[in-house]
Structure formats: structure tokens, C-alpha cells
Amino acid sequence: MDMIPQLMEGSSAYLGTTNLSINANLSSSSRATAPQPPFSSSPSANSSRYENQKRRDWNTFGQYLRNHRPPLSLSRCSGAHVLEFLRYLDQFGKTKVHTTICHFYGHPNPPAPCPCPLRQAWGSLDALIGRLRAAFEENGGKPETNPFGARAVRLYLREVRDTQSKARGVSYEKKKRKRPVPTLSASSSSAVASHQQSQMLPGTSCTTQISKLEK
């Protein structure tokens, strides 16, 4: 029996990390059709954790296509099939998403367990789509036909983000970094002083001009 490997190890949402582990036994009856999309390897990819994770995600998606009913080829894959894949992954989720009738709806730290379903965290799904989108184009796919960049996929991720944010009582908004106030170095200060002196009237001292300005 085929085993789907772990996906998105170490993927992080903005407020935490969610590991996506998939240990599902899939039927081996569809092995003969829909070849798995190849993944180009390079020496640099072996040394990069991101590249390794992207390769595992790509191989897992290829296995999903092979076991699809009916089996799918990559050339026929659309945004709708990507949505099916994301919903399929929800059964392996580890993030509690409270329903609207749950007493803990909108509670970031529930004091007790509840029967609400487990789902894939939005941050993990968003990171997964980013890696698969890049892998598709790295393996010869055209950006305009990239199913992982389809509008339906973007809307789905936005809906998942908003739903989980309300249900879990957390915010996924990025915090804006404060820009540091620029400071003048000694050389810059000297240059400014020299420029100011050059703007003075001929034969007039700095003290005289300042006193005139004060008057």
C-alpha cells in the first residue's frame, strides 16, 4: 500500500506552527495511470530545507493525482482539483476550529475540550500552496496556467484565514515593523554645517546671521 509522506514539516502560521502529518493508506489500483510529475533536482536543493520540503510536497501532490478518481494528469489539473486536494488534507489537520454553536467560539485559549473538528491551519495551507506554485513553474509549467495560483484557490485561502481567525479568536494580520529613525553620522553633520556656512552672505559671520534671524 502506498503511504503519503509528511507534508509541510515546520510550516508556520503567523501566530504559531502547525505540522501537517499524513499517514493515509491509499488504494494501489490506480498506479498504472497518470504518471507522477517529475521534480528537477540540483545540488543546492539538497542543502536547503525549503527545497527539500518543496520536493516532498510536489511528490505528494503527484501521488494524489495518481490515486484520484478518475486519475488525473498534471496538464489537466485545475484550480478546482487543487481545492479538492486542500479539503482532502483537512482530515489530517491538528488545529481545532470551533463552530459557531460552540461555547468556545472565538476563544483563543479554551479551558476545556470540545467536539469541534480538527482542520489544517491556514498558515500551513498558505505555505504549502506557495511551495507547490513555485514547484509547478520550476518543472516547466507556465505561470498563466498555474492551478495553484488560480483565483479560486486564493479566495479559498482567504476564506479559511477569516473563518479560523474568528473561530479561534486570533489575528493573522502581519505586524507592521517600525522604521528606524535615520541618524546623521559625524561626516554627514560636518557636510551639513559646511553647506550652511557656504550659504551665508559674504563678510557676515555665523553669529551675526543667527542674531538677525532671531530678531
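Note that the coordinates shown come from a computational prediction; the quantities given were computed from them, not determined experimentally. We use all heavy atoms of the structure for the numbers below, so side chains are in, but hydrogens, waters and symmetry mates are not.
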Exercise. Show your reasoning for whether side chain to side chain contact (heavy atoms under 4.5 Å, CB included) applies to C116 and T99.
Key: CA-CA 6 Å; C116 292; T99 62; 3.9 Å; yes

Is a donor on one side and an acceptor on the other found under 3.5 Å between the side chain of [X] and the backbone of [Y]?
X	Y	value
T60	R56	yes
E51	S48	no
W122	L157	yes
D90	Q120	yes
R154	G149	yes
T163	V160	no
R69	N67	yes

Might you point out which heavy atoms bring [X] and [Y] nearest each other, and give the distance in Å?
X	Y	value
P110	H98	CG-NE2, 3.4 Å
C114	F104	CB-CD1, 4.0 Å
V97	R119	CG2-CB, 3.8 Å

Self-check item: Positive for side chain to side chain donor-acceptor pair (under 3.5 Å) with D57, one of K54, Q53, R55
Solution: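 Only one option passes, and that is Q53.
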
Practice problem: Answer yes when R87 and E84 have at least one side-chain N-carboxylate O distance shorter than 4.0 Å, and no when they do not. | Solution: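 Salt bridge: no.
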
Exercise. Can you label the angle between the F148 ring and the F61 ring as parallel, tilted or perpendicular, going by 30° and 60°?
Key: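 Correct class here is perpendicular.
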
Quiz item: Rounded to the nearest 0.5 Å, what separation is found between the NZ atom of K96 and the CG atom of L118?
Solution: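 If I round to the nearest 0.5 Å, the distance is 5.0 Å.
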
Quiz item: Can you get from L125 to Y88 by hopping between Ile, Leu, Val, Met, Phe, Trp and Tyr side chains that sit under 4.5 Å apart?
Solution: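 The answer is yes; both residues are in one hydrophobic cluster.
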
